[in-house]
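Fair warning: this is a prediction, and the values are worked out from it, not measured in the lab.
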Amino acid sequence: MFSRLRSDIQCILDRDPAARSRWEVLTCYPGLHALVLYRPAHWCWTHEMKWLGRFISHIARFLTGIEIHPGAKIGERVFFDHAMGVVVGETAEIGDGCTIYQGVTLGGTSLYKGAKRHPTLGRNVVVGAGAQVLGGFTVGDGAKVGSNAVVTKPVPAGATAVGNPARIIQAELDVKREEAASKMGFSAYGVTQNDDPLSQAMRGLIDNAAAQEHQIAMLWQTIDKLSKQRQEPDCVPGDAARSEHFEAEKLNQLVGK
């Protein structure tokens, strides 16, 4: 029990620059107090003392403003930062190393008893302030949920969910898209990063153009190699694009730049 408490205190010191000492964390952090009270409540719940478990969680809610159902499963080194108004449902699961900010709801959309109604957070998930994660799905390891997002579908590992309803941002794909666009002389984020239809169309156009340029360059390179192997005159036209390029000026004209 004490080793877990030390671990909980240390994870707060590691993640919160405002934390100045172990004593301050132990006495002044409601997220830690909610976890300390959650554990005996969970023990009672799993040992068929359900009323007592609910009563302890009710006292914890009164003292901390954080409502954690005693049936929920919470891993190690979980940090409830500020966390006023957080609600964690009965079948919710929170993996090791997660960080949850104030106003978050890990809620359910089903009314069937005994069903998996609440979300499962993988390891090292960050859920921003005011986010609502609703349903019995999984948020993958290392994922992030933006502030005030409303998430009702699974979130892949390492991805970010933002907006209402939430859309999934694949960070790796966005980086690749920006790298390809930069080589072409055009910034994928120069238009806008929001849900503007023009932005979405431009991103799709950039992805499609980059793929076509790559395929065309590969075709010309292959034809060039074949003609040299057969010792035939070069059949590749002089103006053939053997390397990838992109006419950025045309895109700029389309968006009125």
Inset, instruction - Count the heavy atoms belonging to other residues, nucleotides or ligands that lie under 6.0 Å from CZ of Arg61, then report whether that count exceeds 12. - result: no

Inset, instruction - Return the orientation label for the Phe55 and His58 ring planes: parallel under 30°, perpendicular over 60°, tilted otherwise. - result: tilted

Inset, instruction - In plain terms, say whether Asp141 and Arg123 are close enough for a salt bridge, that is, a side-chain N and a carboxylate O under 4.0 Å apart. - result: no

Legend entry - Any donor-acceptor N/O pair, Thr64 side chain to Ala34 backbone, under 3.5 Å: no

Legend entry - Pairwise side-chain contact, Arg54 with Ser57, heavy-atom cut-off 4.5 Å (strictly under): yes

Legend entry - Heavy-atom closest contact (Val88 atom, Ala72 atom, distance): CG1-CB, 3.8 Å

Inset, instruction - Say whether, by atom type as modelled, one donor and one acceptor occur between the side chain of Thr138 and the main chain of Gly140 under 3.5 angstrom. - result: no

Inset, instruction - Considering non-hydrogen atoms only, spot the tightest contact between Pro70 and His42 and give its length. - result: O-ND1, 2.7 Å

Inset, instruction - Could you please spell out the steps behind the side chain to side chain donor-acceptor pair (under 3.5 Å) verdict for Arg15 and Thr99? - result: CA-CA 9 Å; Arg15 294 185 224 171; Thr99 302; 2.7 Å; yes

Legend entry - Closest heavy-atom pair and its distance - His82, Pro30: O-CG, 3.9 Å

Legend entry - Pro119 side chain near Leu134 side chain, heavy-atom distance below 4.5 Å: no

Legend entry - Non-hydrogen atoms of Leu32 and Val25 that approach each other most closely: CD2-O, 3.6 Å

Inset, instruction - Step through the shown structure and confirm whether more than 12 heavy atoms of other residues, nucleotides or ligands are within 6.0 Å of NZ on Lys153. - result: no

Inset, instruction - Indicate the atoms forming the closest heavy-atom contact of Gly146 with Ala131, along with that distance. - result: O-CB, 3.6 Å

Inset, instruction - Check the angle between the aromatic planes of His69 and Trp45 and answer parallel, tilted or perpendicular using the 30° and 60° thresholds. - result: perpendicular

Inset, instruction - For the pair Glu90 and Lys73, find out whether any cationic side-chain nitrogen is under 4.0 Å from an anionic carboxylate oxygen. - result: no

Legend entry - Between Arg77 and Gln10, a side-chain donor and acceptor under 3.5 Å: no

Legend entry - Separation of Asn164 CG from Thr152 OG1 (nearest 0.5 Å): 9.0 Å

Legend entry - Tyr101, OH: over 12 other non-hydrogen atoms inside 6.0 angstrom: no

Legend entry - Shortest non-hydrogen contact between Phe137 and Val151, atoms and distance: CZ-O, 3.5 Å

Legend entry - pair Val125-Lys144: side-chain heavy atoms closer than 4.5 Å: no

Inset, instruction - Using atom types as modelled and distance alone, determine if a side-chain donor or acceptor of His33 lies under 3.5 Å from a backbone N or O of Leu26. - result: yes

